[in-house]
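Here's the structure we're looking at; comments come further down.
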Amino acid sequence: MTLRTQMIPDSGVKTAVPALEPLLVEIHEEGRAGRHVRGGEEAQIPAAFARQMPLGLPELTEPQVVRHFTHLAQLNYSVDTGMYPLGSCTMKYNPKINDRVASLFADLHPKQPQSTVQGALTLLAELEVMLAKLTGMDAVTLQPAAGAQAEFTAILMFKAYHQKRGEGAKRHRVIVPDTAHGTNPASAAMCGFEVTTVKSDAHGNIDLASLKTALGDDVVGLMLTNPNTLGLFEERLREVCDAVHAVGGLVYGDGANMNALLGVARPGDLGFDCIHINVHKTFSTPHGAGGPGAGPLCVKEPLRPFLPKPWIVRDDQGRYHLDTARDDQPPAGLGDSIGRVRTFLGNFGVLVRAYTYMRTLGEEGLAEASNDAILAANYLLAQLRDSYDVAFDRPCMHEFVLSAARQKKLGVSALDIGKALIDEGFHPPTVYFPLVVPEALMIEPTETEPRETLDAFAAAMIRIAEKAKTDPASVKAAPKNAPLARLDEVHAARYPKLKWQRPT
Amino acid sequence: MTLRTQMIPDSGVKTAVPALEPLLVEIHEEGRAGRHVRGGEEAQIPAAFARQMPLGLPELTEPQVVRHFTHLAQLNYSVDTGMYPLGSCTMKYNPKINDRVASLFADLHPKQPQSTVQGALTLLAELEVMLAKLTGMDAVTLQPAAGAQAEFTAILMFKAYHQKRGEGAKRHRVIVPDTAHGTNPASAAMCGFEVTTVKSDAHGNIDLASLKTALGDDVVGLMLTNPNTLGLFEERLREVCDAVHAVGGLVYGDGANMNALLGVARPGDLGFDCIHINVHKTFSTPHGAGGPGAGPLCVKEPLRPFLPKPWIVRDDQGRYHLDTARDDQPPAGLGDSIGRVRTFLGNFGVLVRAYTYMRTLGEEGLAEASNDAILAANYLLAQLRDSYDVAFDRPCMHEFVLSAARQKKLGVSALDIGKALIDEGFHPPTVYFPLVVPEALMIEPTETEPRETLDAFAAAMIRIAEKAKTDPASVKAAPKNAPLARLDEVHAARYPKLKWQRPT
Amino acid sequence: MNNNPYSSHTEADRAAMLERVGIKSVDELLTAIPKDALRPKLGLPAGMSELEIQSHLESLASKNRTAGSGPFFLGGPVQRRYIPAAVPVLALRGEFLTAYTPYQPEVSQGTLQSIFEYQSLMCELLAMDVANSSMYEGGSAVAEAAFMAVRVTGRKRVVMASEVYFEFRRTVRTYARGPDLEIVEVATRDLASAAEGAACLIVQHPDAFGGLVDVRRIADAAHAAGALCIQVTEPHANALLEPPGALGVDIVVGEGQPLGIPMSFGGPYLGVLACRNALVRQMPGRVVGETHDARGMRGFVNTLQTREQHIRREKATSNICTNEAIAAITAAIYLALMGPEGLSAAARLGVAKAHALAHRLGALPGCSVSTDGEFFDRFALRVPRLAAGPEGSGYAMRNALLVDNVLVEATAAHYGDRDDLIIQCTEMTTDAEMDSLVAAIESIAASVRETVTAR
Amino acid sequence: MNNNPYSSHTEADRAAMLERVGIKSVDELLTAIPKDALRPKLGLPAGMSELEIQSHLESLASKNRTAGSGPFFLGGPVQRRYIPAAVPVLALRGEFLTAYTPYQPEVSQGTLQSIFEYQSLMCELLAMDVANSSMYEGGSAVAEAAFMAVRVTGRKRVVMASEVYFEFRRTVRTYARGPDLEIVEVATRDLASAAEGAACLIVQHPDAFGGLVDVRRIADAAHAAGALCIQVTEPHANALLEPPGALGVDIVVGEGQPLGIPMSFGGPYLGVLACRNALVRQMPGRVVGETHDARGMRGFVNTLQTREQHIRREKATSNICTNEAIAAITAAIYLALMGPEGLSAAARLGVAKAHALAHRLGALPGCSVSTDGEFFDRFALRVPRLAAGPEGSGYAMRNALLVDNVLVEATAAHYGDRDDLIIQCTEMTTDAEMDSLVAAIESIAASVRETVTAR
Ligand SMILES: Cc1ncc(COP(=O)(O)O)c(C=O)c1O
Ligand SMILES: Cc1ncc(COP(=O)(O)O)c(C=O)c1O
């Protein structure tokens with residue numbers, strides 16, 4: 001591991017306070033401009049509507065903008081620069097071919113007549129089929145923009161399902177385990193449902209007894225992540241699903257951890273009524289500094305009628321159509337569908353990448369990916385189990401959760417350990433999630449990290465554990481070798497400064 | 001100016017010696033591979049020709065290759081990251097639109113029938129016309145790959161010109177001033193000519209008296225850079241050209257400094273018989289870490305017959321052709337042309353960028369560019385003249401040359417000052433060129449650097465001049481804040497290690 | 001043998017790793033999985049090389065008609081706009097594209113400052129106090145704004161103008177099924193008088209037909225009734241029109257795609273959401289704030305996170321997690337490059353071309369501009385009846401134009417029983433395209449008149 | 001007013017700068033320029049916006065027929081090859097693309113290490129001791145290699161096989177006019193016997209017709225006569241064929257474009273030049289070497305510069321300064337991604353397709369493969385006479401195929417009076433393209449036979 005020191009090239013711009021890079025507004029000088037688009041002087045805006053307020057956007061030249069964002073980019077840690085073992089996020093390598101082929105579809109408008117976008121519709125239809133086969137489900141919607149929207153979509157469908165069966169009124173509770181991701185309860189709440197939390201048992205499974213007591217005919221369903229956020233496969237999964245079904249509830253599968261199951265097991269065979277997929281995790285689409293993602297939702301037959309419209313249907317000449325071509329009937333006309341959850345068909349640019357990834361790996365490659373991901377996680381776990389507490393000590397799937405409880409006693413927290421990893425040349429893992437593990441360190445290596453990198457990461461973690469004993473202060477002082485030292489988040493929240501001061 | 005410290009993300013690869021980044025061969029592991037292209041197993045190679053030697057290329061995966069070259073890229077200083085005042089190289093901003101439009105022509109093979117490349121031929125023909133107008137010349141070849149090849153091309157044409165006039169035998173000397181760039185004498189020598197060097201006078205012009213004594217009927221011609229490499233416009237240029245013409249010699253214009261003359265003066269009006277243009281300098285095409293460039297050569301009518309073939313000609317239906325369509329006659333059939341100096345028509349991808357740049361700026365924009373470049377250089381000179389010796393103290397054109405002679409007395413060389421600039425966040429200027437100026441610092445700011453950046457650069461230069469007095473040791477120890485400290489170039493030359501050791 | 005070209009594990013690696021774990025095969029780790037469900041055959045196609053997948057996708061792409069390849073007048077929330085070459089060069093750099101949510105600010109300042117600048121630029125453009133760091137896209141952003149109003153006012157009725165984009169209204173209706181909101185749609189002109197008891201009035205300006213709306217009047221009515229005013233807007237329009245912040249608007253939402261983001265057949269896009277300071281604690285989504293590091297250097301962090309799902313869970317202001325950050329960064333780069341003059345020029349060109357085109361089309365027999373009042377860079381056109389039935393005019397004309405490879409939108413039944421065309425112009429609209437449209441409509445209409453007179 | 005969109009100077013800046021310099025106008029700085037020559041009107045067109053120039057160049061590009069848009073069999077030194085998506089993503093990063101010659105190694109290690117790796121990879125591929133960091137392109141690289149041999153041997157005769165690419169031979173002839181070298185062209189088969197008194201024998205393997213040559217024999221003959229052996233090669237061929245270093249070759253040259261570099265209608269390309277250690281001091285061009293910095297860290301620098309023009313001036317081994325560095329970096333990235341297996345696969349596919357195609361074409365009436373001996377991924381095809389005259393066969397067929405939008409090369413008079421076709425295959429050649437070629441030649445030939453028999 002090597003430290004790089006480099007002067008940030010000097011643009012001569014003075015910043016209000018010491019900073020790595022000036023703000024655009026600090027670079028601004030009146031009269032500067034590029035010439036990307038010009039003209040239109042003949043346009044007339046009625047006085048009553050014309051902008052009176054000055055348009056205070058910064059005035060810059062292209063050379064300045066290019067340098068600014070090039071400098072900023074270089075301040076980021078990314079998958080393209082190093083190992084990014086952020087648990088639950090599957091930060092695997094993002095193949096460049098996926099980005100290139102996505103650009104082949106960039107110049108298509110979502111309102112184009114269907115006859116002019118047969119290539120795009122074919123791709124979407126084929127992707128739906130592949131996802132159904134992969135998950136063992138019967139039907140798929142590609143609309144959701146991310147996992148959370150897929151959850152919301154599914155719970156809306158559960159609601160419609162129960163309403164259709166005349167049980168809408170009585171069912172108002174959604175059950176989530178205490179290990180669930182925050183989006184699960186939040187999505188349930190957005191559908192107007194109460195959330196009942198069920199604790200986990202000693203093996204890191206949802207506690208079956210508590211679940212049964214929590215179940216009743218007022219239950220909409222259960223939202224379950226499998227492998228769960230501890231990286232563990234639910235050991236009594238079918239019993240869990242059966243219990244929910246027994247009271248007329250439905251089981252939602254949170255598929256964020258699908259990278260453990262490709263070709264390993266189909267959620268459709270395990271008792272789930274539906275499952276979403278975070279293609280930005282499992283299918284290698286770039287996370288884009290926070291997004292976009294895509295969250296296709298795969299469902300069993302009984303839920304099909306409630307899927308968002310429009311649906312992509314194939315006619316007997318093999319041409320593709322949107323069933324509610326102009327999607328223009330009053331809600332009733334949508335049949336049982338809950339209607340669209342977004343403006344258009346989905347995050348197409350992301351879905352093209354996912355399609356390309358699936359076709360590139362193929363059935364064998366996908367299975368191998370999950371195999372390698374599981375092996376890599378257990379390989380790391382084997383190296384780290386002595387230096388850190390293991391939350392639940394059994395074989396993990398594609399990720400595992402350590403606890404820094406031991407280090408915490410020495411005054412070193414999970415956060416400190418994460419920051420110390422930065423000084424070792426790694427991105428920290430997910431910390432403090434899942435909530436059930438004190439001082440959680442959630443580590444997901446993925447299948448694309450070379451073995452020597454896994455070994456280096458393990459060595460770094462072990463060095464830090466040692467330091468926590470011998471020199472805790474140095475760990476708490478980390479990072480020393482990052483663009484910035486620790487940031488004052490309390491100050492940020494107490495005195496919110498959410499935009500720059502306008503140029504004067 | 002801010003220092004950035006950053007851990008280079010740890011790939012866990014062990015390097016033979018401490019290094020910023022491993023070599024590909026150190027990352028290699030047997031059995032690693034991507035799957036970009038596969039198949040062809042049925043191909044048969046006759047045993048007598050088949051490769052017996054192992055093919056020792058490193059085996060890597062795409063994720064590893066992407067990280068490797070991303071790390072390497074970040075170690076570079078570039079125009080996209082900061083001011084790059086490398087004298088004589090015109091490191092101006094490289095517009096991104098030029099790169100994008102160049103890709104529109106990427107999938108054209110140079111041997112395609114002319115009817116299938118009319119767009120490309122049109123662009124080249126229009127570029128020739130624009131360059132002729134800009135330089136005040138009559139004909140243009142776009143073949144030369146760079147300035148040096150344009151020089152070689154031109155001197156070959158001079159040779160053919162004199163031979164044609166029966167003077168080939170007697171003319172064997174090419175005159176170059178002592179300020180000339182190294183490529184000038186080298187190009188003359190490649191044409192089998194002797195080189196006579198003429199010194200400069202007290203005003204930084206070529207010494208007219210010495211030139212006249214050097215002239216004779218054995219002279220092929222003079223190679224003259226204007227503005228010269230001191231950044232000065234030759235004050236008695238026409239007398240100089242007349243003197244050369246008087247003995248039957250020709251005057252070659254080295255146009256590397258054309259960024260001072262756009263719309264300011266046409267070499268064709270000043271007495272030159274031809275001039276080359278470094279489009280990678282004047283016309284903003286990216287320097288590509290050392291290349292490619294392009295060196296169009298613009299000539300007066302008398303030299304036209306000797307231009308490299310094929311020529312692009314326009315027929316009366318406005319279609320473009322290559323005159324020697326298949327260029328297939330024996331040399332004689334080329335007429336007086338010296339023949340092709342490269343495999344195909346030129347560095348087309350670079351020429352597209354130059355064309356785009358010229359059309360974007362247009363006549364006014366080009367003139368404004370030179371104006372701003374000249375102003376920026378004089379603005380910097382005004383700020384630095386007290387802290388450094390000025391080689392020749394008169395208004396400069398687009399660049400100027402300082403001497404660190406004063407600092408040298410304190411033990412601080414031009415090289416030291418350059419390295420100290422790295423610690424100030426700037427790329428050093430050209431040093432030790434031109435040779436006539438002791439401890440030369442050749443500074444070319446270009447028109448695209450914002451004024452605040454010029455001010456910051458001046459301030460840094462002045463700080464360094466101060467330090468040379470107060471703390472010379474610290475200047476000699478620079479750079480401290482670069483990826484590497486000074487490199488041992490003597491060791492590299494004495495014990496040449498020009499490739500890695502093969503994996504074993 | 002590697003079936004996954006992106007895996008870095010050789011057989012030797014795998015063997016060594018299995019040994020370190022102390023197992024012979026990965027299956028020993030999968031004991032929790034029901035045997036009958038383990039390692040199913042999926043029936044997916046076999047893998048491909050990069051060359052093979054590239055040509056496969058090229059052949060799929062060749063079955064599409066790209067916007068640029070013929071006369072094109074589709075628009076609305078998604079617009080064909082000029083994207084400066086520097087935008088993708090910067091936004092698609094691997095350090096931005098392959099990073100995730102900046103949970104670790106010390107190594108994510110590139111993302112954080114870029115998003116902070118996006119927030120600041122949007123506030124300048126819209127004259128609002130706060131912009132979040134992105135919603136999924138326009139439609140869900142409108143819905144989340146409505147949810148915000150419901151939380152703020154404690155009321156469950158959402159009143160929405162029927163001149164709001166159809167797709168947005170439909171998305172709001174879907175979202176409304178969650179908290180069982182009452183959705184009321186009325187014509188923009190009746191919006192002000194429907195404020196009583198509403199959580200919010202949702203107005204679009206410029207509206208779906210390009211119409212310019214007196215938003216101030218609607219905002220005042222909303223406030224008088226204790227409701228919030230939500231404006232659906234379009235980025236470029238704000239360069240020329242008085243911005244929401246000056247019109248009394250409480251929450252601004254819209255589709256940010258026109259800010260340098262490709263149309264990509266529906267996404268990924270950029271959901272814009274901005275509001276007044278007073279509402280910030282009810283705002284959904286992430287927001288970046290300025291602070292300093294331990295050494296006193298300026299730095300940026302995700303802040304006000306107590307609104308978010310990972311902390312508040314079922315009490316969060318929204319369930320959004322992964323958002324459209326790279327689109328927000330792209331928009332920041334776009335606005336930085338275009339500047340106030342470039343953005344205004346692009347907007348002006350759309351307006352100028354739309355009005356020139358409306359003038360020509362309105363002069364054709366049987367055609368008339370049907371946007372009521374002034375319009376911006378888009379207008380509705382009433383066209384002659386080509387066939388019987390409720391869709392014999394606009395929709396029939398849209399289909400007839402498609403045969404000529406001219407793409408325009410029909411209002412169809414998206415906007416009540418209206419059967420017109422909607423025609424969008426931007427800086428990309430060429431004279432040749434406009435000539436084709438005018439000529440095509442003229443000849444189609446003419447041929448029909450003939451058949452009619454022929455009888 | 002800014003006429004140059006890339007200038008960062010506002011009027012205010014200019015005023016301030018003029019004042020600091022102490023002048024009213026830049027013209028005060030231009031007193032050395034003859035008045036009558038100052039500020040001429042150039043007659044160049046006015047400037048454009050980025051949108052305008054983009055559409056102007058799109059319209060120019062639309063007047064070309066791209067290689068990928070139909071059956072395509074052109075090749076030779078420039079080949080249509082698959083370029084992995086990661087290649088441009090990495091090679092076109094601004095930090096590589098907008099840097100210049102690494103004069104300052106402390107801030108140029110990205111460039112220097114990448115080029116060092118290029119040199120190493122080429123040495124592995126060619127089995128040579130040293131590769132320089134690039135020449136302009138293939139043709140001038142051959143000429144510079146000949147110059148090298150002349151310097152080493154002190155002889156002025158260059159003997160070149162007539163199966164070397166026409167364009168390369170022609171370029172060598174042009175360069176030879178400088179030092180007045182004697183150029184002799186003989187058939188490859190006669191090369192060995194022409195070694196007497198020669199500075200070098202230049203052989204191409206595989207040759208212009210794809211023919212495989214016994215290079216060892218020629219190298220031995222050259223050495224026996226005190227001459228050097230220069231082999232013109234192609235990158236991919238070396239994955240499958242015994243490399244020059246194993247054949248006794250002294251200098252290897254060739255066109256490096258097939259290593260991930262676009263065809264771009266002629267350039268920029270990559271001139272490959274590699275040689276034995278003993279010749280390194282006579283090698284033209286830049287070369288990067290490994291060393292260490294003051295702190296003992298590994299680092300790379302341009303080295304052996306005493307060969308170069310900026311130091312030796314008229315005594316330099318070449319005048320080359322700006323070279324094709326980014327192409328060398330691109331080639332390094334390409335080779336790193338393809339690896340030994342990927343490179344071999346690409347080469348194998350070309351070979352396999354060429355042989356399959358030759359088999360089919362050779363079976364057509366009046367057609368026969370005319371490469372003598374074994375061929376690699378390219379072959380010459382003799383075709384039926386379609387017209388009278390010296391170009392009635394191959395060249396006439398090439399023109400007839402062009403009408404069918406099928407692109408092939410004709411030997412025309414480039415290779416003596418030979419009048420055949422040259423057909424190149426690579427991994428990009430599709431079955432559909434091959435079918436079209438076979439069908440087209442068949443029907444063209446048939447139609448002619450009819451007209452003949454008709455008489
Ligand atoms: C377990 C789990 N569920 C759901 C989500 C939400 O998915 P998204 O961020 O795509 O909305 C995540 C994302 O981190 C997750 O880890
Ligand atoms: C004055 C001068 N002449 C000639 C050249 C050679 O041009 P090129 O590097 O394009 O071969 C240069 C390049 O630096 C130069 O500065």
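Each chain gets a letter, A, B and so on, in the order the sequences are listed, and its residues count up from 1.
- Between the side chain of B:Glu363 and the backbone N or O of D:Gly43 there is at least one donor-acceptor pair closer than 3.5 Å.
- Looking only at atom types and distance, the side chain of B:His68 has a donor-acceptor partner in the side chain of B:Glu21 under 3.5 Å away.
- If you measure heavy-atom distances from D:Leu240 to chain B, the contacts under 4.5 Å come from both the backbone and the side chain.
- Using a 4.5 Å cut-off between heavy atoms, D:Glu58 touches chain B through backbone and side chain atoms alike.
- Residue contact with chain B, scored on non-hydrogen atoms closer than 4.5 Å, involves the side chain of D:Ser344 exclusively.
- The candidate with the highest count of non-hydrogen atom pairs below 4.5 Å against chain B, out of D:Leu121, D:Val280, D:Val287, is D:Leu121.
- Of the N and O atoms on the side chains of D:Thr291 and B:Asp488, not one donor lies less than 3.5 Å from an acceptor on the other residue.
- Between D:Glu308 and the choices D:Arg286, D:Lys315, D:Arg313, the salt bridge (charged side-chain N to carboxylate O under 4.0 Å, His left out) rule is met once, by D:Arg286.
- The most heavy-atom pairs under 4.5 Å with chain B, out of D:Leu343, D:Ile320, D:Leu335, D:Asp36, come from D:Asp36.
- Per-residue counts of heavy-atom pairs under 4.5 Å with chain B were compared for D:Cys123, D:Pro262, D:Pro34; the largest is that of D:Pro34.
- Contact annotation for D:Glu117: both backbone and side-chain heavy atoms come within less than 4.5 Å of a heavy atom of chain B.
- Looking at D:Thr303, only its side chain comes within 4.5 Å of chain B, counting heavy atoms on both sides.
- D:Leu18 touches chain B through backbone and side chain together, each having a heavy atom under 4.5 Å away.
- Contacts of D:Tyr82 with chain B are made by side-chain atoms alone, with heavy-atom separations under 4.5 Å and no backbone atom involved.
- Ranked by heavy-atom pairs shorter than 4.5 Å toward chain B, the options D:Glu167, D:Met263, D:His56, D:Glu106 are led by D:Glu106.
- Interface remark: B:Leu361 contributes backbone and side-chain atoms alike to the contact with chain D (heavy atom separation under 4.5 Å).
- For the options B:Glu234, B:Glu41, B:Arg32, heavy-atom pairs under 4.5 Å to chain D are most numerous at B:Glu41.
- For the residue pair D:Thr171/D:Thr174, the side-chain donor-acceptor check at 3.5 Å is not satisfied.
- Contact tally against chain B (heavy-atom pairs below 4.5 Å) for D:Val351, D:Val301, D:Asp13: the top residue is D:Asp13.
- Checked against the 6.0 Å centroid threshold, D:Tyr100 and B:Tyr84 do not count as a close aromatic pair.
- Heavy atoms closer than 4.5 Å to chain B are found in both the backbone and the side chain of D:Glu290.
- Only the side chain of D:Ala86 comes within contact range of chain B, with at least one heavy atom under 4.5 Å from a heavy atom of that chain.
- Residues D:Leu74 and D:Glu409 approach most closely at CD2-N, 3.4 Å, considering heavy atoms.
- In this structure, the portions of B:Lys111 lying under 4.5 Å from any heavy atom of chain D include both its backbone and its side chain.
- Of the atoms belonging to D:Phe147, it is side-chain heavy atoms, and not backbone ones, that fall under 4.5 Å from chain B.
- Annotation: maximal heavy-atom pairing with chain B below 4.5 Å, among D:Val21, D:Leu304, D:Ile33, occurs at D:Ile33.
- Judged by distance alone, the side chains of B:Asn94 and D:Thr98 never bring a donor and an acceptor atom under 3.5 Å apart.
- For chain B, the nearby part of D:Leu407 is the side chain; its heavy atoms alone come within less than 4.5 Å.
- Both the backbone and the side chain of D:Arg20 have a heavy atom closer than 4.5 Å to some heavy atom of chain B.
- Looking only at atom types and distance, the side chain of D:His9 has no donor-acceptor partner in the side chain of B:Glu368 under 3.5 Å away.
- For a residue to count as touching a neighbouring chain, one of its non-hydrogen atoms must lie under 4.5 Å from one of that chain's; by this rule D:Leu212 touches chain B with backbone and side chain alike.
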